[in-house]
Amino acid sequence: MRATSNFEEDIFISYAHIDNLPLDEGLKGWVDTLHDRLKIRLMQLLGEEVKIWRDRKLQGNDVFEETLTARLGKVALLVSILSPRYVKSEWCIREVDEFCRQAALSGGLQVGDKLRVFKVLKTHVPLETHPPVIQDILGYEFYEYDPERKRAREFNPETSPARDMRYWERLDDLAYDIKQLIETIKAAGRQAPADAAQGGKTVYLAETASDLRDERDRIKRELLQHGHNVLPDRELPLEGDSLKQVVRDYLGRSDLSVHLIGGRYGIIPEGESRSVVHLQSDLAAARGDGFRQIIWIPPGVQAPDDAAQQRLLDSFRLESNGNRQTEVLQTRLEDLKTFIQDNLSGKVRPAPGARADGRRRSVYLICDRQDMEAARAVADYLFERGMDVMLPATEGEEALVIQDHKDNLLECDAVLIYYGRANELWLRMKQRELQKLVGYGRAEPLAAKAIYVSGPQTAAKDHLRDHEALIIRDYDAFSPESLGPFVGQVLKGEGA
């Protein structure tokens, strides 16, 4: 049994024959290789035979064959392999146009919210030169492009001496999306996408700046593998009003939105002052109706040379946790993927670094005034891991400063003492305060307590011991890895 029994062919590959010429003797053509691998991967995903066809004859200025025209009307899906030669070929453009015309007569070019055309980009081709009928659909780029040098470097399809995983990831993306559409076509009446039939959700996975495209691809890949639908499924317009209308439409069809915010501000649409990345997050936040938005910032990312992006990063980092509809995460990518899946499956857990009641875990970072500047690197790292960080007050009346210190000890989830340039007596006083927490009125035990021992190195620091607090020695430049055990205790949330 074939995948799409209502058609004679499952897939037609449209390509320029020059793109299948091997670069060296003994090598296989690029299109031949893609054809074979795509067929095998699709059969593995669908568990049944897949029939892929392409016209292997050399075409010049031949009259467009009636037999080819007839066959295109019996094909379920079209895969167009775009290249500089392809967009200059009258024959290739006619194949696309004829397939679309025939598709309109055989159930429609669009199935559900997906087109029956897949655009593979073998190398960089300016968008304005793409065949008009498929110009606005998303493509599968088998290359990386350097806009400054205006040079594209194609992913290596060979398996030796080492696999180029980017090629295989794009191949898998293409195969999964084709598999989904084939299942949609097979669905009774073509009334709903297969993912919806399987209980999948629709996720608006916002377009990103260039620095986070790989991370976005990984998230999209996993969402599709879990049976979810991912939007946008077409190129976003670069004119401000049109873009906002299209994004609002996508968000209106989505159950959740995910936004990856990195160190680059990204493209600013015509007529706008905000970037595409910025606009998408603002539009998602404005949707209302309990719509949930997840913002992810990679740990440690900064944009010191881009004031607009740094302001955007700072605004998200200061996002109030009281807003239950917007979750700002600064975690590993794997933690983000888990958090997204939990939300889609209905297991809405607190974000990494949060308490069971949804409030983020807080760390009181105690340090002497002369260590305040050095301790900020530790504070920034803990904040980036999703925790709220409190530092001692350095201004105000003495009585108020003392009261603020006690309040912090009572309200925080964990305590980290930064022991650098302060003397031993200062440290002993802080250790005694931790022992008196019950007397101060604290009801719950701390999730974690530790002493971070920084330079200068001394004999007293080398011999420091504490039965209750974790000792972390890091005499050289701050190393985030040294805080791993402490962070683990805080996020686990067990009483120390």
### Query
Using 4.0 Å as the upper bound for N to carboxylate O, is an ion pair formed by D217 and R213?
no

Heavy atoms of D164 and F155 approach each other most closely as OD2-CA, 3.5 Å

Is there a side-chain contact between D177 and K220 in this structure, where contact means two heavy atoms from C-beta onward sitting under 4.5 Å apart? yes

So that I can tick it off, tell me whether K337 and E334 are bridged by a salt bridge, with the cut-off set at under 4.0 angstrom between side-chain N and carboxylate O. yes

Only residue of K74, K51, R71 satisfying salt bridge (Lys or Arg N to Asp or Glu O under 4.0 Å) with E8 is K74

Closest non-hydrogen atoms of P84 and T123, given as atom of the first, atom of the second and distance, are CD-CG2, 3.5 Å

* **Side-chain touch L42/I11, heavy atoms, less than 4.5 angstrom** => yes

- Query: Looking at side-chain heavy atoms only, is the closest gap between D306 and R264 below 4.5 Å?
  - Reply: no

Between the CG atom in D173 and the CG atom in L138, the distance rounded to the nearest 0.5 Å is 11.5 Å

| field | F339 ring center within less than 6.0 Å of W296 ring center | value | no

- Message: Apply salt bridge (charged side-chain N to carboxylate O under 4.0 Å, His left out) to residues D380 and R376 and explain how you reach the verdict.
- Response: CA-CA 6 Å; D380 290 345; R376 290 197 182 279; over 6 Å; no

Residues I261 and L312: closest non-hydrogen pair is CG2-CD2, 4.1 Å

>> Check whether D136 reaches the backbone of R234 with its side chain - one donor and one acceptor, N or O, closer than 3.5 Å.
In response: no

| Check: Y86/S14 side-chain N/O donor and acceptor closer than 3.5 Å | yes

**Prompt:** Within a reach of under 6.0 Å around CG of L127, are more than 12 heavy atoms found that belong to other residues, nucleotides or ligands?
**Reply:** yes

dist M165:CE -> L171:CG (nearest 0.5 Å) comes out at 10.5 Å

Salt bridge (charged side-chain N to carboxylate O under 4.0 Å, His left out) assessment of E154 paired with R166 | CA-CA 10 Å; E154 295 180 21; R166 297 170 300 177; over 6 Å; no

Answer yes or no: is there an ion pair linking R41 with D172, defined by an N-O contact shorter than 4.0 Å?
yes

Value for CZ (F142) from CH2 (W168), rounded to nearest 0.5 Å, stands at 10.5 Å

Expected output: side-chain D255 to main-chain K201 donor-acceptor under 3.5 Å
no

Query raised in the report: Is there side-chain contact between Y204 and P232, with at least one heavy-atom pair below 4.5 Å?
Result: yes

**Q.** Note, Y15 side chain near L34 side chain (heavy atom, < 4.5 Å)
**A.** no

In terms of heavy-atom contacts, E141 and R170 come closest through O-NE, 2.8 Å

Output for pair (R218 CZ, L336 CG), nearest 0.5 Å, gives 12.0 Å

Polar side-chain atom of R216 near backbone of L260 as donor-acceptor pair, under 3.5 Å
no

Quiz prompt | Sub-4.5 Å side-chain heavy-atom contact between I178 and D10 | solution = no

In terms of heavy-atom contacts, Y265 and Q309 come closest through CD1-OE1, 3.0 Å

query = With no hydrogens and no angle check, is any side-chain donor or acceptor of H259 less than 3.5 Å from a backbone partner on V277?
reply = no

Fill in: Short side-chain to backbone donor-acceptor contact, K119 and I137, under 3.5 Å
yes

Got F99 and E95 here, is their nearest side-chain heavy-atom distance under 4.5 Å?
no

- If you measure from the Lys or Arg side-chain nitrogens to the Asp or Glu carboxylate oxygens, is any gap between K28 and E158 under 4.0 Å? no

Separation between CG (L243) and CD (E272), nearest 0.5 Å, reads 8.0 Å

#### Entry: Main-chain N/O of V111 paired to R116 side chain as donor or acceptor, under 3.5 Å
no

(Q) Could you check whether any side-chain N or O of Q280 sits under 3.5 Å from a backbone N or O of V247, counting only pairs where one atom can act as donor and the other as acceptor? (A) no

Hey, are the side chains of L329 and D335 touching, using non-hydrogen atoms and a 4.5 Å cut-off? no

Minimal heavy-atom distance between V490 and R361, with the atoms involved, is O-CD, 2.8 Å

- Item | Greater than 12 external heavy atoms within 6.0 Å of I267's CD1 | no

Practice task
Output yes when E183 and K179 qualify as a salt bridge under the 4.0 Å nitrogen-oxygen rule, no when they do not.
Solution key: yes

Step by step, would you call E48 with K186 a salt bridge (charged side-chain N to carboxylate O under 4.0 Å, His left out)? CA-CA 13 Å; E48 55 192 341; K186 291 175 67 176; 2.7 Å; yes

One should read off an interatomic distance between T159 OG1 and N156 CG, to the nearest 0.5 angstrom, of 9.0 Å

